[in-house]
Enquirer: 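Questions regarding the structure given below will be posed in turn.
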Amino acid sequence: LAQVPAKPHATAPYVVAMMRVAMKLLVGLMLLGQASSKFEACKTQTGFDIAVCQSFMCTDCKLAWCCEKCQKRQEENPDCRCKDWPEARKSYTAEGMTCKGKFGDKGDYAK
């Protein structure tokens with residue numbers, strides 16, 4: 001018995017075409033995700049940047065008073081966020097963050 005040579009699969013071009021479509025879809029979704037996560041400034045962004053994003057009080061101060069004042073500033077500007085914050089961080093007080101345990105919230109001068 002003579003063996004018949006195998007024909008190349010007719011599905012190969014179909015698979016290649018489907019892969020191209022899938023890659024285009026993937027790239028499109030990635031670009032859409034980047035476009036939707038762009039920073040959007042709030043109405044009072046300039047003042048918020050000065051008072052929260054760039055101030056010593058809200059960036060480097062370790063006192064409980066500073067933390068509380070920055071939280072109050074965020075409450076006054078609920079739609080504002082700092083441009084350099086990670087996308088997941090929507091406010092000064094990220095989930096689970098508290099001012100408790102900071103310097104100045106205990107002892108004689110905390111009252």
Side-chain angles (χ1 to χ4, degrees):
L1 290 162
Q3 292 206 355
V4 179
K7 290 184 181 179
H9 291 288
T11 58
Y14 175 74
V15 171
V16 171
M18 290 302 293
M19 293 287 281
R20 285 184 183 153
V21 169
M23 287 301 291
K24 288 178 183 178
L25 180 63
L26 181 64
V27 169
L29 289 174
M30 288 171 55
L31 290 174
L32 181 63
Q34 285 180 346
S36 67
S37 66
K38 286 187 178 176
F39 176 79
E40 292 183 28
C42 65
K43 290 180 182 178
T44 57
Q45 189 66 49
T46 304
F48 187 80
D49 285 344
I50 293 168
V52 177
C53 305
Q54 301 166 357
S55 71
F56 172 82
M57 180 175 74
C58 296
T59 58
D60 295 320
C61 181
K62 304 297 182 210
L63 299 175
W65 179 88
C66 295
C67 182
E68 291 163 2
K69 293 300 176 188
C70 294
Q71 285 178 338
K72 184 172 177 15
R73 182 69 75 160
Q74 179 72 65
E75 289 172 8
E76 294 168 353
N77 301 282
D79 296 332
C80 294
R81 57 184 305 275
C82 297
K83 190 172 188 172
D84 62 341
W85 286 351
E87 181 61 30
R89 185 176 178 183
K90 301 295 182 192
S91 69
Y92 177 78
T93 307
E95 286 188 33
M97 183 188 163
T98 179
C99 294
K100 296 293 180 195
K102 300 274 186 184
F103 293 108
D105 71 335
K106 302 178 207 167
D108 295 339
Y109 297 106
K111 300 174 185 168

Enquirer: I need the K83 NZ to F48 CZ distance, nearest 0.5 Å.
Expert: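 Between K83 NZ and F48 CZ, I get 14.5 Å after rounding to 0.5 Å.
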Enquirer: Please report the shortest heavy-atom distance between C42 and D79, naming the atom on each side.
Expert: CB-O, 3.8 Å
Enquirer: Going by an N to O cut-off under 4.0 Å, is there a salt bridge joining K72 and E76?
Expert: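 Yes.
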Enquirer: Using only atom types and a distance under 3.5 Å, with no angle test, would you say the side chain of S55 pairs donor to acceptor with the backbone of C58?
Expert: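 Such a contact is found between S55 side chain and C58 backbone.
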Enquirer: Quick check for you: to the nearest 0.5 Å, what is the distance between R89 atom CZ and D84 atom CG?
Expert: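 Interatomic distance, R89 CZ to D84 CG, rounded to 0.5 Å: 8.5 Å.
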Enquirer: SG-SG distance between C66 and C61 under 2.5 Å?
Expert: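 Cysteines C66 and C61 qualify as a disulfide pair, their SG atoms being under 2.5 Å apart.
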Enquirer: For residues K90 and R81, report the shortest heavy-atom separation together with the two atoms involved.
Expert: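 Nearest pair, atom of K90 first, then R81: O-CB, 4.0 Å.
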Enquirer: For T59 and V52, work out which heavy atoms get closest and say how close.
Expert: CG2-O, 3.8 Å
Enquirer: What's the spacing between Q45 CD and E40 CD if we round to 0.5 Å?
Expert: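 Reported to 0.5 Å precision, the distance equals 11.0 Å.
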Enquirer: Main chain of Y92, side chain of Q74: is a donor-acceptor contact present, judged purely on distance under 3.5 Å?
Expert: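 Between the backbone of Y92 and the side chain of Q74 there is a qualifying donor-acceptor contact (under 3.5 Å).
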